[in-house]
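Each remark here refers to the structure printed beneath this line.
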Amino acid sequence: MNNAQAEPLLEIDDLVTGYGATRVVQGLSMKVRAGGVTALLGANGAGKTTLMKTLCGLLPVQGGRLRFMGEDITRQPSDRRVRDGLVLVPEGRMVFPSLSVVENLRLGGINLRARPNWRRNMARVFDVFPRLEERSQQAAVTLSGGEQQMLAIGRGLMAEPKLMLLDEPTLGLAPVMALEIFALIRRLQAEGLCLLLAEQDVQRTLDTSQYAYVVENGRVAAEGPSTEIAGDPRIRQAYLGL
Ligand SMILES: Nc1ncnc2c1ncn2[C@@H]1O[C@H](COP(=O)(O)OP(=O)(O)OP(=O)(O)O)[C@@H](O)[C@H]1O
Ligand SMILES: [Mg+2]
């Protein structure tokens with residue numbers, strides 16, 4: 001887990017990205033190692049979502065380089081990245097509201113690698129999220145916020161991710177539902193899923209992850225094993241509001 005020798009799953013080297021002339025990520029470098037959860041922390045507007053969108057190819061790279069599983073993906077289109085196993089579960093869930101749970105899940109597994117295995121993958125999703133199976137024919141818009149988040153994660157699982165980018169999964173959820181989502185994250189991790197997790201619940205995210213990056217103004221301001229970041233009063237105060 002996260003040992004320094006293992007080749008990183010994802011390597012971000014001096015990345016520059018943003019929205020047209022607005023540079024949001026400005027020379028950011030980080031590594032996501034195989035195994036476990038890597039935390040992506042930082043204040044509102046630090047650039048976490050912008051980074052994740054760029055990692056999965058929804059925003060173009062303006063400078064620097066991205067490598068995934070040893071391959072340069074800097075210019076690769078987003079569908080190819082999904083096929084290779086780099087899968088975003090976006091901030092705000094973004095499920096298709098008028099489609100049913102099953103239809104949303106089918107769309108998540110449409111990439112060429114995962115498509116043949118959709119039945120098996122859907123059975124796994126229903127095993128992890130029994131509530132989705134109970135509501136399988138319901139339109140996504142009729143689900144609760146927590147259930148929509150489960151659907152968004154389930155849709156991501158349908159793609160057979162090697163690395164899941166999970167952006168603010170507990171945003172706007174009731175505390176009890178947020179706890180449930182964290183429990184699910186731990187379960188998925190125990191089953192071998194690798195995650196890059198951006199979350200406002202800093203303490204719980206540090207407790208759930210092995211390694212953490214703190215982003216400020218589009219750059220890495222601090223990094224280290226999560227226990228060390230959690231135990232550093234300077235970092236807690238300066239960047240994490242703890
Ligand atoms: N579509 C856009 N066009 C222009 N600027 C944008 C756009 N989306 C985000 N930004 C700006 O980019 C900066 C970083 O936003 P981003 O959403 O990446 O932050 P974040 O770290 O994910 O924040 P949060 O914790 O609130 O989710 C902000 O200043 C934001 O205003
Ligand atoms: Mg965000």
Side-chain angles (χ1 to χ4, degrees), residues 10 12-32 37-66 73-74 77-78 81-82 86-95 145-146 148-153 155-156 161 163-175 177-179 181-182 184-185 194-209 211-224 226 229-230 235-242:
L10 176 69
I12 305 167
D13 185 23
D14 206 17
L15 182 70
V16 179
T17 178
Y19 306 90
T22 310
R23 298 272 165 91
V24 172
V25 171
Q26 319 185 57
L28 179 145
S29 298
M30 58 185 269
K31 293 184 171 89
V32 178
V37 177
T38 301
L40 185 61
L41 303 173
N44 293 124
K48 304 178 297 293
T49 296
T50 304
L51 171 63
M52 285 190 168
K53 282 185 184 166
T54 308
L55 294 179
C56 71
L58 297 177
L59 279 175
V61 171
Q62 296 181 6
R65 210 177 57 142
L66 299 177
I73 61 159
T74 313
S78 56
R81 295 185 205 193
V82 173
L86 190 52
V87 175
L88 175 69
V89 177
E91 187 177 279
R93 348 265 191 237
M94 305 295 175
V95 294
Q148 288 190 23
Q149 185 62 53
M150 292 174 185
L151 179 56
I153 294 173
R155 186 179 56 184
L163 175 63
M164 183 182 274
L165 312 172
L166 190 46
D167 196 0
E168 305 284 356
T170 74
L171 193 72
L173 299 186
M177 185 52 78
L179 280 181
I181 296 291
F182 270 102
L184 284 161
I185 290 169
C194 300
L195 285 152
L196 180 63
L197 173 63
E199 248 292 326
Q200 292 303 319
D201 189 336
V202 172
Q203 190 59 56
R204 214 160 259 137
T205 301
L206 287 171
D207 291 344
T208 306
S209 60
Y211 201 86
Y213 287 89
V214 182
V215 178
E216 192 188 43
N217 294 326
R219 290 192 185 84
V220 174
E223 68 172 283
S226 298
I229 297 284
I235 293 175
R236 289 173 72 90
Q237 204 175 16
Y239 304 115
L240 303 178
L242 291 173

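Start at 1 and go down the list; that is how both ligands and their atoms are numbered. Given the structure is predicted, the values throughout are model-derived calculations rather than measurements.
Near Glu168, with a cut-off below 4.0 Å to any heavy atom, the atoms of ligand 1 are 25 (O), 27 (O). Ligand-side atoms of ligand 1 in range of Asn44: 23 (O), 24 (P), 25 (O), 26 (O), range being under 4.0 angstrom from any heavy atom. Under a 4.0 Å criterion applied to the non-hydrogen atoms of Gln200, ligand 1 contributes the atoms 25 (O). Taking a cut-off of under 4.0 Å to the non-hydrogen atoms of Gly47, the atoms of ligand 1 that pass are 14 (C), 18 (O), 19 (O), 20 (P), 21 (O).
Taking both residues in full, the closest heavy atoms of Arg155 and Val95 are given as NH1-CA, 3.5 Å, listed atom of the first, atom of the second, then distance. Here the closest heavy-atom approach between residue Ala43 and residue Lys48 is recorded as O-NZ, 3.1 Å. Nearest heavy-atom pair across Ser226 and Tyr211 is OG-N, 3.1 Å. Of all heavy-atom pairs spanning Ala198 and Asp167, the tightest one is CB-OD1, 3.6 Å. Leu51 and Met30 get closest at one heavy-atom pair: CD2-SD, 4.1 Å. Between Ile12 and Leu28, the closest heavy-atom pair is CG2-O, 3.5 Å.
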Leu40 and Met52: CA distance, side-chain angles, deciding distance, side chain to side chain contact (heavy atoms under 4.5 Å, CB included) verdict: CA-CA 10 Å; Leu40 185 61; Met52 285 190 168; 4.1 Å; yes
Working for side chain to side chain contact (heavy atoms under 4.5 Å, CB included), residues Arg23 and Gln62: CA-CA 9 Å; Arg23 298 272 165 91; Gln62 296 181 6; 2.5 Å; yes
Side chain to side chain contact (heavy atoms under 4.5 Å, CB included) assessment of Thr17 paired with Val61: CA-CA 5 Å; Thr17 178; Val61 171; 5.8 Å; no
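The nearest protein heavy atom to atom 7 (C) of ligand 1 is closer than 4.0 Å. Closer than 4.0 Å to atom 31 (O) of ligand 1 lies none of the heavy atoms of the protein.
With hydrogens and angles disregarded, a donor-acceptor distance shorter than 3.5 Å links the side chain of Thr74 to the backbone of Leu66.
At a 4.0 Å heavy-atom cut-off, ligand 1 does not touch Ala198 at all.
Listed by chain and number, the protein N, O or S atoms at a distance under 2.8 Å from the Mg ion (ligand 2) are Thr49 OG1, Glu91 OE1.
Among all protein heavy atoms, the one lying closest to atom 5 (N) of ligand 1 is Tyr19 CD1, 3.4 Å. At the top of the distance list for atom 23 (O) of ligand 1, counting protein heavy atoms only, stands Gly45 N, 2.8 Å. In terms of protein heavy-atom proximity, atom 17 (O) of ligand 1 is closest to Thr49 CB, 3.6 Å.
None of Val215, Ile235, Thr205 except one satisfies the side chain to side chain contact (heavy atoms under 4.5 Å, CB included) rule with Leu41; the exception is Thr205. Exactly one of Gln149, Arg93, Gln200 qualifies for a side chain to side chain donor-acceptor pair (under 3.5 Å) with Glu168. That residue is Gln200.
Contact between Gly218 and ligand 1 is absent, with no heavy atom of the residue lying under 4.0 Å from the ligand.
For the residues Thr50, Leu51, Val24, the heavy atom positioned nearest atom 16 (P) of ligand 1 is part of Thr50. Ranked by closest heavy atom to atom 27 (O) of ligand 1, the top entry among Arg23, Glu91, Glu216 is Glu91.
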